[in-house]
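Below: the structure, in structure tokens.
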Amino acid sequence: MENKRMTIALFSGSLDKLTASGVILSGAVADDMDVEVYVLLQGARAFMKDIAGNTDELELAENPKLKAQFLESVERLNVKPWLEFFREAKEMANVKVYICGLAGKIWGGEKLGDFVDLADDIVGIGECITSMEESDIHLFI
């Protein structure tokens with residue numbers, strides 16, 4: 001039997017939504033799903049090499065005033081940084097991360113080397129739409 005497929009269109013580059021995406025990704029991998037993540041707009045900025053690991057560069061989407069509380073809570077609860085969720089998921093299962101070409105260019109990312117090593121390729125939005133059409137589950141975060 002073929003694994004179920006999930007597509008995540010990751011539009012947000014905020015710490016809270018990146019962390020939530022990582023948790024969802026981990027759950028999908030634990031459920032033996034194949035996952036494709038399409039990193040769009042603000043998400044592409046978060047995947048830039050000079051931004052990804054720097055929490056000073058990333059805000060919270062829902063309530064930016066709660067950033068310090070969020071960071072303290074995830075540390076106290078030993079919640080992995082969002083990048084670790086993605087890294088571990090890629091090591092454990094069939095997970096691909098694609099950067100939207102337009103989104104990358106908006107933030108100065110012209111080539112794959114401009115992004116963290118988790119990125120598999122730079123693609124057009126058509127690949128994201130096709131993946132969503134073919135997936136069992138698709139999320140827009």
Side-chain angles (χ1 to χ4, degrees), residues 2-141:
E2 210 173 284
N3 287 357
K4 283 190 174 184
R5 288 187 51 206
M6 176 185 282
T7 299
I8 300 173
L10 181 54
F11 162 81
S12 179
S14 68
L15 281 170
D16 47 345
K17 292 186 179 185
L18 289 164
T19 302
S21 298
V23 172
I24 292 167
L25 179 59
S26 294
V29 165
D31 203 22
D32 292 325
M33 297 183 85
D34 295 331
V35 183
E36 291 184 347
V37 180
Y38 290 86
V39 184
L40 312 171
L41 295 176
Q42 289 284 342
R45 181 179 178 274
F47 276 77
M48 299 285 296
K49 277 185 178 175
D50 58 337
I51 304 288
N54 186 351
T55 57
D56 291 338
E57 288 289 334
L58 303 173
E59 293 298 327
L60 295 187
E62 299 303 319
N63 189 341
K65 295 176 187 175
L66 297 177
K67 180 179 177 180
Q69 182 181 349
F70 175 81
L71 291 173
E72 289 168 12
S73 292
V74 295
E75 184 177 336
R76 178 177 42 81
L77 296 169
N78 292 318
V79 176
K80 299 174 233 196
W82 69 272
L83 273 174
E84 269 316 295
F85 280 112
F86 279 79
R87 194 169 309 287
E88 287 178 8
K90 281 189 65 99
E91 290 171 2
M92 294 171 41
N94 184 20
V95 174
K96 300 291 184 192
V97 176
Y98 300 109
I99 308 295
C100 172
L102 175 61
K105 289 176 185 174
I106 287 171
W107 304 111
E110 298 282 333
K111 59 190 181 307
L112 198 56
D114 294 329
F115 300 93
V116 294
D117 61 349
L118 297 171
D120 292 291
D121 202 359
I122 296 174
V123 300
I125 195 64
E127 280 97 1
C128 178
I129 293 168
T130 299
S131 181
M132 287 179 164
E133 289 174 336
E134 296 172 354
S135 289
D136 300 293
I137 300 169
H138 53 274
L139 304 173
F140 185 81
I141 301 171

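Residues: numbered from 1 along the sequence shown.
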Query raised in the report: For residues 33-45, which residue pairs qualify under salt bridge (Lys or Arg N to Asp or Glu O under 4.0 Å), counting only residues two or more places apart or in two chains?
Result: Arg5-Glu36, Arg45-Glu57

Report task. Taking all heavy atoms of Ala103 and all of Ala44, pick out the closest pair and write down the distance. Result -> CB-CB, 3.7 Å

Requested in this report: Give, for atom CG of Asp31 and atom CD1 of Ile137, the distance between the pair rounded to the nearest 0.5 Å.
Outcome: 8.0 Å

**Report entry** Asn3 and Asn94: CA distance, side-chain angles, deciding distance, side chain to side chain contact (heavy atoms under 4.5 Å, CB included) verdict
**Finding:** CA-CA 10 Å; Asn3 287 357; Asn94 184 20; 6.0 Å; no

Requested in this report: Verify, without hydrogens or angle tests, whether Glu75 (side chain) and Glu72 (backbone) share a donor-acceptor contact under 3.5 angstrom.
Outcome: no

**Report entry** Whether Asn54 side chain and Ile51 backbone form a donor-acceptor pair below 3.5 Å
**Finding:** no

Report summary line: Rounding to 0.5 Å, atoms CD (Glu91) and CZ (Phe86) come to a distance of 14.0 Å

Query raised in the report: What are the two closest non-hydrogen atoms of Val39 and Phe47, and how far apart are they?
Result: CG1-CD1, 3.6 Å

Report summary line: By ring pair (Phe, Tyr, Trp, His ring centres under 6.0 Å), Phe85 pairs with (sequence neighbours left out) none

Report task. Please name the pair of heavy atoms, one in Cys128 and one in Ala9, separated by the smallest distance, quoted to 0.1 Å. Result -> SG-CB, 4.2 Å

**Report entry** Side-chain donor/acceptor of Lys17 to backbone N/O of Phe11, under 3.5 Å
**Finding:** no

Query raised in the report: Any side-chain heavy-atom pair from Met6 and Leu139 closer than 4.5 angstrom?
Result: yes

**Report entry** Any donor-acceptor N/O pair, Trp107 side chain to Leu41 backbone, under 3.5 Å
**Finding:** yes

Query raised in the report: Is there side-chain contact between Phe115 and Ile122, with at least one heavy-atom pair below 4.5 Å?
Result: yes

Requested in this report: Could I get the full list of ring pair (Phe, Tyr, Trp, His ring centres under 6.0 Å) partners for Tyr98, not counting sequence neighbours?
Outcome: Tyr38

Report summary line: Separation between CD1 (Ile129) and OG (Ser131), nearest 0.5 Å, reads 10.5 Å

Query - Gap separating the CG atom of Leu25 from the CG atom of Leu18, nearest 0.5 angstrom - result: 11.5 Å

Report task. Side-chain contact test, heavy atoms from C-beta onward, threshold under 4.5 Å: evaluate it for Val29 versus Val95 and give yes or no. Result -> yes

Query raised in the report: Closest approach of Met48 and Gly108, non-hydrogen atoms and distance?
Result: CE-C, 4.2 Å

Query raised in the report: Where the side chain of Ser73 meets the backbone of Gln69, is there a donor-acceptor pair that is under 3.5 Å apart?
Result: yes

Query raised in the report: Under a 4.5 Å cut-off applied to non-hydrogen side-chain atoms, are Thr7 and Glu133 in contact?
Result: no

Query raised in the report: Going by an N to O cut-off under 4.0 Å, is there a salt bridge joining Lys96 and Asp121?
Result: no

Query raised in the report: With a 4.5 Å limit on heavy-atom distance, are the side chains of Leu83 and Leu118 in contact?
Result: yes

Query raised in the report: Donor-acceptor pair, Asp16 side chain versus Ala61 backbone, under 3.5 Å?
Result: yes

Report summary line: dist Asn63:CG -> Phe70:CZ (nearest 0.5 Å) comes out at 12.5 Å

Query raised in the report: Is it true that a side-chain atom of Lys67 and a backbone atom of Leu58 form a donor plus acceptor pair closer than 3.5 Å?
Result: yes

Query raised in the report: Hey, what do you get for OG (Ser135) to CD1 (Ile8), rounding to the nearest 0.5 Å?
Result: 10.0 Å

**Report entry** Val116 side chain near Val97 side chain, heavy-atom distance below 4.5 Å
**Finding:** no

Query raised in the report: Any side-chain heavy atom of Lys105 within less than 4.5 Å of one from Glu110?
Result: yes

